[in-house]
Amino acid sequence: MKNGSIAIAVSVAAFLALLGAALGHDALFRIHFWIIFAALALGALALFRQVSFAPAGGGSAALRDDPNGYMDGVVRYGVIATMFWGVAGLLVGVIAALQLAYPDLNLPPFLNFGRLRPLHTSAVIFAFGGNALIATSFYVVQRTTRARLWGGLLPWFVFWGYQLFIIAAATGYLLGITQGREYAEPEWYVDIWITIVWVSYLLVFLGTLVKRKEPHIYVANWFYLSFIVTIAMLHLVNNLAVPVSPLGVKSYSAFSGVQDALTQWWYGHNAVGFFLTAGFLGMMYYFVPKQANRPVYSYRLSIVHFWSLIFMYIWAGPHHLHYTALPDWAQTLGMVFSVMLWMPSWGGMINGLMTLSGAWDKLRTDPILRMLVMSLAFYGMSTFEGPLMSIKAVNSLSHYTDWTIGHVHSGALGWVGMVTFGSVYFLVPKLWGRTQLYSLRLVNWHFWLATLGIVVYAAVMWVSGIMQGLMWREYDDQGFLVYSFAETTAAMHPYYVLRVVGGLLYLLGMLVMVFNVWKTIRGDVREEIPLGAEAPALKPAE
């Protein structure tokens with residue numbers, strides 16, 4: 001029986017979730033497990049509809065791959081999930097931005113800013129970014145090792161298990177089930193589930209590397225592997241907690257006070273450093289050379305970049321705790337290592353840009369390559385601005401202001417978003433056996449909408465944040481604050497409206513991408529003049 005064991009396993013998981021919904025000690029736990037049960041029950045029903053009694057060659061089309069070739073079915077699903085969660089995360093971000101500009105749009109209790117904001121950040125980072133990393137890492141590791149993914153159906157467990165984690169985390173945010181930890185909001189039982197999924201991911205990746213047919217491990221795989229291993233370590237330590245009840249939502253951290261804060265920002269900054277930097281650098285080191293059809297500019301520089309980045313990033317977290325109860329020496333340590341990160345970060349940016357040596361003319365006609373190059377430009381800018389903001393004198397102005405928001409979004413939308421878009425545009429025709437994308441001109445439209453959206457968003461947040469910081473520190477000659485908090489908030493209103501405009505432009509670009517990819521998967525090709533080609537001259541009327 002093909003796929004029957006998987007369907008039975010999911011059914012057992014659904015039954016256990018049903019027991020949790022029935023026996024939970026508090027209302028939130030019961031509601032949350034009803035939602036998890038519904039997701040698992042629908043999954044089990046879908047699997048039972050695809051159960052086949054055919055021999056090994058048959059079975060579900062969704063799970064079937066050529067056993068002698070690469071396992072690309074899970075990559076295809078990963079690409080689709082990436083686009084779906086990308087639209088969802090950006091849409092929630094636009095709604096949250098509207099709520100800041102127009103507070104009447106807060107709809108308590110489930111749709112207020114306090115619950116939508118972590119939903120937005122986690123959807124963009126872990127749902128959109130996480131699916132992009134899983135899909136591209138599965139694609140890249142197979143091509144660079146010439147080996148099929150290890151573990152049989154384990155990669156499918158990683159994919160679907162990760163989707164269940166996203167659903168459990170997202171619904172938990174809306175219900176108010178949270179640890180209150182930045183980038184680590186889910187409660188203890190969701191943390192346990194993602195640990196199981198993540199260890200499975202590590203086993204698949206390591207197993208594929210072990211059985212590789214290439215003696216050399218390409219540098220992109222080093223970045224992917226470091227991201228998987230480090231995120232596992234960060235997650236386990238930061239989420240050490242004691243549940244109040246095995247059938248309740250609440251837990252208490254194993255740490256307290258300033259130790260808890262330091263552990264959280266050791267995790268928080270390195271979630272940025274390894275999830276949003278190292279993983280996507282692995283993406284960059286594969287897709288930029290492939291799209292440019294050039295070898296990496298300097299393989300030696302890529303190795304130096306890897307080891308220096310991995311060593312330095314792990315120490316930079318304390319710069320989030322300047323002017324707090326954290327000992328001054330620890331704050332200074334975080335600042336020093338943050339400033340040192342300029343060198344490896346820019347080494348990676350230069351290596352990526354110089355890979356285009358001899359191919360710069362392609363930027364005129366290849367909007368996919370243009371996206372990848374723009375992502376490197378934003379990577380360089382963000383990794384200059386981050387160390388700058390970690391310096392205590394600068395941080396005294398920037399901390400707790402919208403400048404930080406502008407910095408984070410220039411990196412997330414400019415670096416992470418653009419490199420993901422370029423990689424997906426590269427992957428889709430190859431994964432679905434198409435000769436080309438539906439429309440390169442739509443890719444060009446996406447590029448300009450996304451770029452304009454980022455520039456508007458980041459610029460208004462930089463101006464708003466610096467104004468905010470200066471107003472907060474303005475004293476009169478008697479030592480009293482000149483501006484009240486309400487006056488500061490009112491002054492930021494026009495910038496909040498402009499932020500919504502920037503977010504809408506970026507979201508519109510993402511919707512253009514979804515349409516383009518959908519048409520490509522269908523096999524459609526749009527008749528259009530190639531980019532860079534001159535339009536035929538019009539003949540005079542006779």
Side-chain angles (χ1 to χ4, degrees), residues 3-51 60-63 74 77-78 80-89 91-92 95 107-112 115-116 118-124 126-128 130-131 134 153 155-179 185-198 200-201 243 245-251:
N3 302 331
S5 57
I6 303 171
I8 292 170
V10 175
S11 300
V12 170
F15 178 72
L16 293 175
L18 182 61
L19 287 178
L23 303 175
H25 288 178
D26 55 73
L28 286 178
F29 188 88
R30 292 192 293 271
I31 294 170
H32 205 197
F33 268 76
W34 274 115
I35 295 170
I36 295 170
F37 163 73
L40 288 168
L42 288 172
L45 180 63
L47 282 167
F48 274 117
R49 287 172 59 88
Q50 294 177 348
V51 168
S60 164
L63 299 179
V74 68
Y77 271 61
I80 293 170
T82 298
M83 292 185 295
F84 173 80
W85 291 118
V87 172
L91 179 61
V92 175
I95 294 171
L107 303 174
F110 301 117
L111 297 178
N112 60 22
R115 297 190 182 183
L116 288 185
L119 177 64
H120 161 62
T121 54
S122 293
V124 171
F126 297 114
F128 169 66
N131 274 291
I134 291 172
L153 293 177
W156 283 105
F157 169 76
V158 172
F159 172 76
W160 287 112
Y162 197 73
Q163 308 315 305
L164 179 61
F165 156 71
I166 293 169
I167 293 168
T171 53
Y173 300 153
L174 296 179
L175 290 169
I177 301 170
T178 172
Q179 294 186 94
E185 302 273 352
E187 268 290 358
W188 63 273
Y189 51 92
V190 182
D191 287 335
I192 291 173
W193 174 249
I194 188 56
T195 302
I196 296 169
V197 173
W198 205 259
S200 302
Y201 181 25
S245 164
L247 292 172
V249 296
K250 186 61 183 170
S251 66

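Heavy atoms only: backbone and side chains are in, while hydrogens, waters and symmetry mates are out. In this chain, numbering begins with 1 at the start of the sequence shown. All values derive from a computational prediction rather than experimental measurement.
Shortest non-hydrogen contact noted between L119 and A170 is CD1-CB, 3.5 Å. Among all heavy-atom pairs drawn from P186 and Y173, the shortest one is CD-OH, 3.6 Å. Considering every non-hydrogen atom in both S251 and E187, the closest pair reads OG-OE1, 2.6 Å. In terms of heavy atoms, A39 sits closest to L164 at CB-CD1, 4.3 Å. Of all heavy-atom pairs spanning A169 and V190, the tightest one is N-CG1, 4.4 Å.
Once rounded to the nearest 0.5 Å, the distance linking OG of S11 with CD1 of I6 reads 11.5 Å. To the nearest 0.5 angstrom, F33 atom CZ is 10.5 Å from T171 atom OG1. The structure places CG of L175 at 6.0 Å from NE2 of H32, a figure rounded to the nearest 0.5 Å. Distance check: D26 CG to L247 CG gives 9.0 Å after rounding to the nearest 0.5 Å. Considering CG of L45 and CG of L40, their distance stands at 12.5 Å, rounded to 0.5 Å. Residue D191 holds its CG atom at 6.5 Å from OG1 of T195, rounded to the nearest 0.5 Å.
In this structure, the ring of F29 has its center less than 6.0 angstrom from the ring center of Y189. For Y162 and F159, the ring centers are positioned 6.0 Å apart or more.
Panel note: side chain W85, backbone F126; no donor-acceptor pair is recorded below 3.5 Å. Not one N or O on the side chain of W188 forms a donor-acceptor pair closer than 3.5 Å with the backbone of P246. In this structure, the side chain of N131 does not engage the main chain of I134 through any donor-acceptor pair within 3.5 Å. Judged by distance alone, with hydrogens and angles left aside, the side-chain atoms of E185 form no donor-acceptor pair with the main-chain N or O of Q179 at under 3.5 Å.
The closest side-chain heavy-atom distance from W34 to L18 is below 4.5 Å. Inter-residue side-chain proximity for L116 and L111 is flagged as met; some heavy-atom pair is nearer than 4.5 Å. Annotation: side chain of V87 is not in contact with side chain of M83 (no heavy-atom distance under 4.5 Å).
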